[in-house]
Amino acid sequence: MANRVFNFNPGPSTMPLEVLKIIRDELLDYRGTGMSIIESSHRSPEFDEINEAAISLVREIFDLNDKYHVVFLTGGASQQFFQIPMNFLAGGKTGAYADTGTWSTKAIKEANIVAKAHVAFDGKAFDYKHIPTQDELDIPTEAAYLHITTNNTIKGTQYHYVPETKGIPLIGDMSSDIASRRLDYSKFAMFYAGAQKNLGAAGTTLVVMRDDLLQKSNDALPSLLNYKTQVGKKSLYNTPPSFSVYVVKLMLEWIKRQGGLQGIEKINEKKKDFIYGVIDKNPDFFKGTVEKASRSWMNITLRLPSEELEKKFIAEAKAAGFVGLKGHRSVGGVRVSVYNALPLEGAEKLAQFMEDFKKKN
Ligand code: PMP
């Protein structure tokens, strides 16, 4: 389609054209019902099928056994920041948190409102350019869990290993890198992600939790905040964000068609290599903002020699059909978000544009 841009928005973000077309084609009459899925009851057989399919696709794609529960919640990943400590830190327990930038800092702040957080790693001391190594994580033996942010959307860093926690439940905020690569997801007792980057439309948060962790949740909470309520009702305690769940299901099917996480990872590796390749070839012009070993495959952050050149770059890129490249104000510069649905061609063409821009400037 001639009028579609290459969309590098950090989230909500680009969607595969083929998924958008399915949504369009099914929008007015969902599979012969004479109504849109938006207009269908969340208790209808049609929505039930979508919900069940989404749950089993999550287990299949992330290679999880049936000890893992899958729910689709609301309130964004931000709600998990307080729902997790409310459920698992009741009675004076402590949650351990690795602070790797903006979103984990927020998770710590919320945990300290309702309970107590222990900072297992203080990324601020590294200006958030560094992901902790195993040895740098200080996990108290009495911690109820260790919470990490697997990809730091704003700072541009990402874990490239799964921390060992010696039996302490590991919880991952995977909002900006879920389903982007192969990973031993079963090392996590829980992981969660807002749908609006790699899983579809804003409005729902995928929450996956192993049963042994679920059993530790706090029953003295209002029903909607108690994980057991939503797990017991398969996310249908109240009206779920049904349209977003439908889009997540379509996205999971699309991921399968790409060859699952293995196929997705292959394309993502090429995409990040295009962009980091230009950065590494031109270190005096394009300066990556984080240390190499901690680089994100999803959000590539860089600075140009001056703010003036950064503005010019972003404006000229936009005119050339590459949108959403402005860095977050806390880092500045340029951020290239290459989520799953960004086509390989988009990264390749942007890399060429970067080379050309450097030559001209
Ligand atoms: N965690 C991470 C890593 C994020 O990138 C974001 C959103 N960009 C959030 C949490 C917050 O997500 P939400 O807006 O869905 O609450």
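One-based numbering, in listed order, for ligands and for the atoms of each.
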I'd like to know if E52 and K234 make a salt bridge, using a cut-off of under 4.0 Å between side-chain N and carboxylate O. yes

Using only heavy-atom distances, determine whether the side chains of N361 and K312 contain a donor-acceptor pair under 3.5 Å. yes

Quick one: do R257 and E18 make a salt bridge, cutoff under 4.0 Å? yes

Identity and distance of the protein heavy atom lying nearest atom 12 (O) of ligand 1: A77 CB, 3.5 Å

Go through ligand 1 atom by atom and flag the ones less than 4.0 Å from a non-hydrogen atom of T149. 3 (C)

Group every Ile, Leu, Val, Met, Phe, Trp and Tyr by side-chain heavy-atom contacts under 4.5 Å, then state whether I148 and V208 land in the same group. yes

Give the atom numbers and elements of ligand 1 that come within less than 4.0 Å of a heavy atom of G76. 15 (O), 16 (O)

Any Lys/Arg nitrogen of R43 or D48 sitting under 4.0 Å from an Asp/Glu carboxylate oxygen of the other? no

Please state which protein non-hydrogen atom is closest to atom 10 (C) of ligand 1 and give its distance, to 0.1 Å? D173 OD2, 3.4 Å

Evaluate V119 against Y97 for side-chain contact (heavy atoms from CB on, under 4.5 Å), listing each step before the verdict. CA-CA 5 Å; V119 178; Y97 286 78; 5.7 Å; no

M298 and its side-chain contact (heavy atoms from CB on, under 4.5 Å) partner, picked from N152, T150, L342, N268: N268

Please tell me whether N7 and T14 have a donor and an acceptor in their side chains that are separated by less than 3.5 angstrom. no

Distance under 4.0 Å to a non-hydrogen atom of S175: what atoms of ligand 1 satisfy this? 1 (N), 2 (C), 3 (C), 4 (C), 10 (C)

Is the shortest distance from a heavy atom of N151 to ligand 1 less than 4.0 Å? yes

Provide, to 0.1 Å, the distance between atom 5 (O) of ligand 1 and the closest protein heavy atom, together with that atom's residue and name. T153 OG1, 2.5 Å

Return the closest protein heavy atom for atom 14 (O) of ligand 1 as residue, atom name and distance. Q196 NE2, 3.6 Å

Atom 8 (N) of ligand 1: which protein heavy atom is closest, and how many Å away? K197 NZ, 2.9 Å

Closest approach of any protein heavy atom to atom 16 (O) of ligand 1, naming residue and atom: S78 OG, 2.6 Å

Would you kindly specify which portion of F81 sits under 4.0 Å from ligand 1, judged on non-hydrogen atoms: side chain, backbone, both or neither? side chain

